[in-house]
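Working notes, structure below.
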Amino acid sequence: MGRRGAAELYRAPFPLYTVSVPRAGLVVTAGGGGASKTGISNGVHFLRLERVAGSLSATLIHCHDTETRAPMNMAVAGNVLAVGQDATCHVLRFQEEKEKTAPRKNSKKDDTVKKAETKKRRQANKTACNAGGDTQKETSEITVEALHVVRTDLSTDALQKCVRFNQAHSILATGGVDGYIRVWEFPSMKKCFDFQAHEAEVEDLDISPDNKIVTVGRDFKCCVWKNDQLVTSLCWNENMPQITEKMYRYQACRFGKVEDNKEALRLYTVQIPHKRERKPLQCYISKWDGNTFLPLLTRDCGNEVISAMSVSELGTFVGLGTVTGSVAIYIAFSLQQVYYVKETHGIVVTDLAFLPDVRQTREVTGETEAALLSVAVDSRCKLHLVPSRQMFPVWVVLLLCGLIIVMTILLLQHLFPGLL
């Protein structure tokens, strides 16, 4: 599939580093130019996903200015965002304002006021979208309130690398370049645990439904924790003798559900080459039992280095992004690739997020099996769609089987009259 396989929904005035979907129809993406005085702003943008004149688009409805700190990672819990900015985590609460309908006493006057308000809102959003322009702090559709700011990395070159809420939204976990995992009670943001999980920086983490924390670091380790106690360490290549120690390192980890089995749980990890070789090495994706942490399946996923991973809400698909800007989607059960767009961004894909598989999403995207958002340093947010497979009704399949059996009997009677 070529570059046309992904629709460009939105182009921000700064590099994009993270994207989330709090609910159907609402997309939150963030990024920026950092503290350097380059004229590139920093902010969190709220987008409304909609279909306009038959085309998909994402309309900017609010810009939240983060001043001199670029948001690098983000987690969502309902209407709360946990945004990583440098060595701190900013907890924000957003609220969508609904327009109130009043009795129409003077329809002409009401229409004039409504048109003026609409024009004013559009002008504000247009100003916010201009590259290099100032982001708007408020619009009439979304309001953002700062709740907490906590320090999440204490090293010299401090930087928060990842953040996740648990399924119940009762705890928040962060990881940084100092190798420490810090677990916070939510919403009070009282620190529960603070422990060194890795000897190098933490690349990614995720939390299981029973609050086990899986972490991957640049020290070649993938660890499972319960509170601050190590439960086990994973080894993805123990049955692959051709892969030597420290040849690969873990890059990402995500838990996922199993369709039609509420008790089952899967963990997905991505392994990338530790060093660049003249001949690029393959990257690998592994699937684990999310309860016992036993390996189930490992497959190669090409020689483009993986930079981001996401698992769909129902656990049906796994999305991967690469440092060269490509995006791929795999069936979670078999790890078989069903979608691939080479260099759709042309530069490193920084984050991915699946749209929820609900009616409101299908009204916008059409009848598709999966819809995946990707963002990259090129400032673009793109949408990747896996079209629905055409399925034959059961009665058609049975009818065809019956016809094949009848034709086979007739053919045998014709060739061998005394056989039947």
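Just the heavy atoms: all of them, side chains too, but no hydrogens, waters or symmetry mates, feed the values below.
Partner of Asn73 under the side-chain contact (heavy atoms from CB on, under 4.5 Å) criterion, out of Thr174, Leu159, Val163: Val163 alone. Paired with Leu355 under the rule side-chain contact (heavy atoms from CB on, under 4.5 Å), one option of Leu372, Thr368, Leu383 passes, and it is Leu383. Among the candidates Glu185, Lys191, Lys190, the single residue satisfying the side chain to side chain donor-acceptor pair (under 3.5 Å) test with Ser188 is Glu185.
A search for ring-ring contact (aromatic ring centres under 6.0 Å, His included) contacts involving Phe195 returns Trp225, not counting sequence neighbours.
Rounded to the nearest 0.5 angstrom, Asp65 CG and His45 NE2 are separated by 8.5 Å. Atom CG of Asp194 and atom CD1 of Ile181 lie 10.0 Å apart (nearest 0.5 Å). Between Cys283 atom SG and Asp300 atom CG the span is 9.5 Å, to the nearest 0.5 Å. We find the OG1-CG distance between Thr59 and Leu47 to be 8.0 Å, quoted to the nearest 0.5 Å. Note that CG of Leu49 and OG of Ser57 are 7.5 Å apart. Values are rounded to the nearest 0.5 Å. The distance from the CD atom of Glu363 to the CZ atom of Arg51 is 11.0 Å, given to the nearest 0.5 Å.
Taking the six-membered ring where the residue is Trp, His274 and Phe220 present perpendicular rings, their angle passing 60° and hence far from 30°.
In this structure a side-chain-to-backbone donor-acceptor pair under 3.5 Å is present from Asn42 to Gly34. At least one donor-acceptor pair closer than 3.5 Å links the side chain of Thr152 to the backbone N or O of Ala87. Remark: the backbone N or O of Phe14 is not paired with any side-chain donor or acceptor of Ser41 at under 3.5 angstrom. In terms of modelled atom types and a separation under 3.5 Å, the side chain of Arg380 and the main chain of Arg11 share no donor-acceptor contact. In this structure, the side chain of Lys226 engages the main chain of Asp210 through a donor-acceptor pair within 3.5 Å. Here the side chain of Asp219 pairs a donor or acceptor atom with the backbone of Glu199 at under 3.5 angstrom. Remark: side-chain polar atoms of Thr324 are not paired, donor with acceptor, to backbone N or O of Glu343 under 3.5 angstrom. Thr361 contributes a side-chain N or O that, together with a main-chain N or O of Pro356, makes up a donor-acceptor pair within less than 3.5 Å. A donor-acceptor contact shorter than 3.5 Å links the side chain of Ser388 to the backbone of Glu367.
Between Glu96 and Arg48 no salt bridge is recorded (no basic side-chain N to carboxylate O distance below 4.0 Å). For the pair Asp378 and Lys382, the salt-bridge criterion is not met [side-chain N within less than 4.0 Å of a carboxylate O].
Taking each heavy atom of Cys162 and Val202 in turn, the nearest pair found is SG-CG1, 3.8 Å. Contact between Arg164 and Ile207 at its shortest, heavy atoms only, is O-CD1, 3.7 Å. Asp178 and Leu154 get closest at one heavy-atom pair: OD2-N, 3.3 Å. Minimum interatomic distance between Val83 and Pro71 (heavy atoms only, all atoms of both residues): CG1-CB, 3.4 Å. Closest heavy-atom contact between Leu56 and Val364: CD2-O, 3.0 Å. Nearest heavy-atom pair, Leu281 versus Pro273, reported as atom, atom and distance to 0.1 Å: CB-CG, 3.7 Å.
At a threshold of 4.5 Å between non-hydrogen side-chain atoms, the residues Tyr340 and Glu304 count as touching. Residues Pro13 and Ser379 fail the side-chain proximity criterion, which asks for heavy atoms closer than 4.5 Å. Residues Pro22 and Phe94 are in side-chain contact: their nearest non-hydrogen atoms beyond the backbone lie under 4.5 Å apart. At a threshold of 4.5 Å between non-hydrogen side-chain atoms, the residues Leu373 and Leu9 count as touching. Proximity of Val318 to Met309: side-chain heavy atoms (C-beta onward) are separated by under 4.5 Å at one or more points. With contacts defined as side-chain heavy-atom distances shorter than 4.5 Å, the pair Leu265/Pro209 qualifies. Between Cys301 and Leu320 there is a side-chain heavy-atom pair separated by less than 4.5 Å. The side-chain heavy atoms of Leu296 and Trp288, taken from C-beta on, include no pair separated by under 4.5 Å.
For an aromatic pair to be called close, the ring centres must be under 6.0 Å apart, and His148 with Phe186 fails this.
Pairs engaging residues 82-92 under the side chain to side chain donor-acceptor pair (under 3.5 Å) rule: Arg69-Thr88, Thr88-His90 [sequence neighbours left out]. For residues 258-268, the set of pairs meeting the side chain to side chain donor-acceptor pair (under 3.5 Å) definition, not counting sequence neighbours, comprises Glu259-Thr316. Screening residues 306-325 for salt bridge (charged side-chain N to carboxylate O under 4.0 Å, His left out) gives no qualifying pairs among residues at least two apart or on separate chains. Within the structure, every pair that satisfies the salt bridge (charged side-chain N to carboxylate O under 4.0 Å, His left out) test and touches residues 144-159, not counting sequence neighbours, is listed here: Arg93-Glu145.
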Check your understanding: Between Val214 and Cys222, is a side-chain contact (heavy atoms from CB on, under 4.5 Å) present by the stated rule, with each step listed?
Key -> CA-CA 7 Å; Val214 175; Cys222 178; 3.8 Å; yes
Point to revise | Verdict with supporting geometry, Cys381 and Thr29, side-chain contact (heavy atoms from CB on, under 4.5 Å) | key: CA-CA 8 Å; Cys381 177; Thr29 187; 5.5 Å; no
Practice item. Check step by step if side-chain contact (heavy atoms from CB on, under 4.5 Å) holds for Phe317 and Val338. Key: CA-CA 9 Å; Phe317 296 98; Val338 294; 4.2 Å; yes
Review point. Yes or no on side-chain contact (heavy atoms from CB on, under 4.5 Å) for His198 and Arg218, after CA distance, side-chain angles and deciding distance?
Key: CA-CA 8 Å; His198 295 275; Arg218 281 185 171 264; over 6 Å; no
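The number of heavy atoms from other shown groups lying within 6.0 Å of CD (Gln95) does not exceed 12. More than 12 non-hydrogen atoms from other residues, nucleotides or ligands lie less than 6.0 angstrom from CZ of Phe354.
Between the side chains of Asp351 and Thr18, at least one donor N or O sits under 3.5 Å from an acceptor N or O. Glu369 and Tyr339 form no side-chain donor-acceptor contact under 3.5 Å, judged by distance and modelled atom types alone.
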Indicate every side-chain donor-acceptor pair of residues 237-257 with a distance under 3.5 Å to a residue at least two apart or in another chain.
unit_1, atom_1, unit_2, atom_2, d
Tyr248, OH, Gln282, O, 2.6
Arg249, NH1, Gln251, OE1, 3.1
Tyr250, OH, Leu234, O, 3.2
Tyr250, OH, Trp236, N, 3.3
Arg254, NH1, Asp204, OD1, 3.2
Arg254, NH1, Asp204, OD2, 3.0
Arg254, NH1, Leu205, O, 3.3

